[in-house]
Amino acid sequence: DALGPTVVIGEILVEIMAKSRGDGFLEPIELIGPYPSGAPAIFIDQCAKIGGSAAIVASVGDDDFGRINIERLRSDGADVSAISVSPDYPTGSAFVRYRDDGSRDFVYNIGKSAAALVSLTAEAKALFARAGHLHVMGTAFAIPGAWEMMDHAIGVIKQRGGSVSLDPNLRKELLGLGQTQERFAKLVDVADLILPSGDELFMAAGVDGESAAVTALLARGVTEIALKRGEHGSTFFGPDGSRVDCRAFKVVEVDPTGAGDCFGGAYVACRRLGMPVFKALEYANAAGARNVTVQGPMEGAASRPQLDEFIAVTPRSLP
Ligand code: ATP
Ligand code: MG
């Protein structure tokens, strides 16, 4: 942390949720929102809230949807100096409705919103020049110019002795596009820490099977893998076959959105603060679990005292 803040690049959105479960938005239904959202925003909010030095490069519109995001991030301790405000485009948004089976219908306004305008502004450059860590999220690959920004940021941050983490939460459809596969593989090569969930482990490694994928990633220079297992907790894999498992907390899931992002924000912050792996996994599991008990994508992000309290009172699932 002494080297400078953890920086994330990507989309800021508001989420507006249907109050009832069902199929889509084809008739008038009750909605609740706007909630601050966007995977990178959730990540950095949790990172800041737990006590990490944290900053985001993003873009919002000159509207209330943008303002609630900036205000939330600022009040939770994130550096918002590199969030640009577009005079022409609205803040990105996502309308979400859960179906009975847990899957979701979306209406997005992202590609033609301010969220797609993230660029290497003077403020972003200044931020990278004093950053200690870059966290890359697969969702950001949809932003035009994101790759060039990430290349720039990685160059500058690595040059200063900083580190890089990667949450490959990228949609399969994106991997097929242009040079995405090749560029994604390059990111895996420069990443120090990878935080995959489910099949993303195999996608990142380009190899199937858990132990083969782990071995392949470590051979490519990744030094830490924090594998997210949803209601089954998480596992760390490191050099020389080291492995640490951390059981999940037993909670009632109200809204699964944001669990992986809160896990990542807490894990990266704790490791950069110098905590040992098990402690970081425990805080990360707690951050993910607590977030799913609250409605809204980042409404359950928590401070370190709140997580200490959560850990003290919440039972663990069996391994
Ligand atoms: P998302 O579903 O937000 O895309 P993800 O798939 O990247 O996230 P998950 O594994 O779903 O990540 O969640 C991250 C962490 O949060 C898990 O490793 C776990 O510790 C915790 N978590 C998530 N869901 C639950 C749950 N239902 N019960 C307990 N803990 C959970
Ligand atoms: Mg998940």
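Whatever order the structure lists them in is the order used to number ligands and atoms, beginning at 1. Note that the numbering runs from 1 along the sequence shown for the chain.
Residue Phe249 has at least one heavy-atom neighbour below 4.0 Å for each of these atoms of ligand 1: 28 (N), 29 (C), 30 (N). Annotation for ligand 1: atoms under 4.0 Å from non-hydrogen atoms of Arg229 are 10 (O), 18 (O). Remark: ligand 1 atoms within the under-4.0 Å shell around heavy atoms of Gly258 are 3 (O).
Residues passing the side chain to side chain contact (heavy atoms under 4.5 Å, CB included) test with Lys19, sequence neighbours excluded: Glu30, Ile32.
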Test log, rule salt bridge (charged side-chain N to carboxylate O under 4.0 Å, His left out), inputs Glu309 and Arg290: CA-CA 11 Å; Glu309 168 72 11; Arg290 188 179 186 279; over 6 Å; no

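Every pair passing salt bridge (charged side-chain N to carboxylate O under 4.0 Å, His left out) that includes a residue from residues 70-87 is listed here, sequence neighbours excluded: Glu71-Arg74, Arg72-Glu299, Asp79-Arg130.
Considering backbone and side-chain atoms alike, Glu253 places an N or O below 3.5 Å from some N or O of ligand 1. Considering backbone and side-chain atoms alike, Gly230 places an N or O below 3.5 Å from some N or O of ligand 1. The distance criterion of under 3.5 Å between nitrogen or oxygen atoms is not met by Thr257 with respect to ligand 1. Looking at ligand 1, you'll find an N or O of Lys228 within less than 3.5 Å of one of its N or O atoms. For ligand 1, one of its N or O atoms has an N or O atom of Gly260 under 3.5 Å away.
Considering only heavy atoms from C-beta on, Asp261 stays 4.5 Å or farther from Asp45 through its side chain. At a threshold of 4.5 Å between non-hydrogen side-chain atoms, the residues Met298 and Phe43 do not count as touching.
Around the NZ atom of Lys158, the shell of radius 6.0 Å holds more than 12 heavy atoms that belong to other residues, nucleotides or ligands.
At a 4.0 Å heavy-atom cut-off, ligand 1 touches Ser197 through the side chain alone.
Close to ligand 1: Val251, with a non-hydrogen atom less than 4.0 angstrom away.
At least one donor-acceptor pair closer than 3.5 Å links the side chain of Asp255 to the backbone N or O of Gly296.
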